[in-house]
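Small disclaimer: the values here were computed from a predicted structure and weren't measured. Order of the sequence lines fixes the chain letters, A, B, ..., with proteins taken first and strands second; residue numbering starts at 1 for each chain.
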There are 2 protein chains.
Amino acid sequence: MNRQELSIGGLAEKTGSNVQTIRYYEQIGLMPLPERTEGNQRRYGGEHVQRLAFIRNARDLGFSIETITTLLDLAAKPDRPCAEVIDIAEENLEVVRERLAKLRALERALKHLVASCDGGRMKDCRIIEALSDPRR
Amino acid sequence: MNRQELSIGGLAEKTGSNVQTIRYYEQIGLMPLPERTEGNQRRYGGEHVQRLAFIRNARDLGFSIETITTLLDLAAKPDRPCAEVIDIAEENLEVVRERLAKLRALERALKHLVASCDGGRMKDCRIIEALSDPRR
DNA sequence: CTTGAATCTATAGTCGCTATAGCTTGTAGC
DNA sequence: GCTACAAGCTATAGCGACTATAGATTCAAG
């Protein structure tokens, strides 16, 4: 009772994942094939739990699936320098910062838009007007 | 020479859009069907230009296509009160703010992650370690 | 044994686009 | 009128990361 004992639902619960997502990850090769019962049900052990935790942690931090694949490959090589991992994390941080900048600009524009209209009829609506502005 | 005179490429250029996107908008019903030449090419006039400008402006502000459909419907009713438009814009602003909060948290986590590793071997890599933390 | 929940595979959908293949039309230049 | 090339057309599939559903099987509890 310490080998592959988790059903897919059990694994999902343990890692805050979704059953469908786990199947999806298996399909795309991100999660290795698990053992199966005679009834063809998946059974997972500690290594799968760990790997899925890694994946979900990385997803939560905004790493793409492709990047996670790379990170997992790198993590499997204990004697390599971890400079590459640092690079990847830094790139990701940069992307997040760019997204933040864009969202901030968007917030500003929306705030301004909302403030520009004081109610009334649709034909005088400043929001509709602003949205109707010609482009370029 | 002032009726429907713009080709789809012309419309795309005038509104900073993409030909494919315009066709997509037509397919999902967001853009009305235009007139056609004998050779079956689309030809657009001022009303289409205006409508597409509205759509792109709204998309730029993060409104979903569904919401834009609603806004367009509302805009077509000049005597209605524009309270609904204000509500929609405010909701959208709220969504943007939530996304901002999430991204800020993400930036913080990533910043911390990047700072936690000072190079070395993969087996001592603090980033990999952090990603390997158990869930929940 | 029965029942109901969980599991399975296959397939399609979500959101908002974007790309491509193969064919036709339009336009400019000769 | 012919040629060449760009732009147009429809149909279909793909992108990224999931998510849902249908119909069938397995599992576990009573």
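Distances shorter than 4.0 Å separate none of the side-chain N or O atoms of B:Thr21 from OP1 or OP2 on C:dG16. Between C:dT7 and A:Ser7, a contact under 4.0 Å exists linking OP1 or OP2 to a side-chain N or O. The phosphate of D:dC27 has neither OP1 nor OP2 within less than 4.0 Å of any side-chain N or O from A:Arg42.
Remark on DNA chain D: of its neighbouring residues A:Asn18 and B:Val19, the 5'-side contact belongs to B:Val19, judged by nearest-heavy-atom nucleotide.
Between A:Ile68 atom CD1 and D:dG16 atom C1' there is a gap of 12 Å when expressed in whole angstrom units. Put simply, CD on B:Glu38 is 13 Å from C1' on C:dG26, counting in whole angstrom units. Distance, B:Gln41 CD to C:dC23 P: 18 Å, rounded to whole Å. Rounded to a whole Å, the CZ atom of B:Arg59 is 5 Å from the P atom of C:dG16. Straight-line distance from the CD atom of B:Gln20 to the P atom of D:dC15: 16 Å, rounded to whole Å. Summarising the geometry, the separation between CZ on A:Arg23 and C1' on D:dA17 is reported as 17 Å, rounded to the nearest angstrom.
Residue contacts for A:Phe63: at a heavy-atom cut-off of 4.0 Å it reaches no nucleic acid atom on any strand shown.
By the neighbour-count criterion of 12 heavy atoms within 6.0 Å, atom CD of A:Gln50 is sparsely surrounded, having that number or fewer from other residues, nucleotides or ligands.
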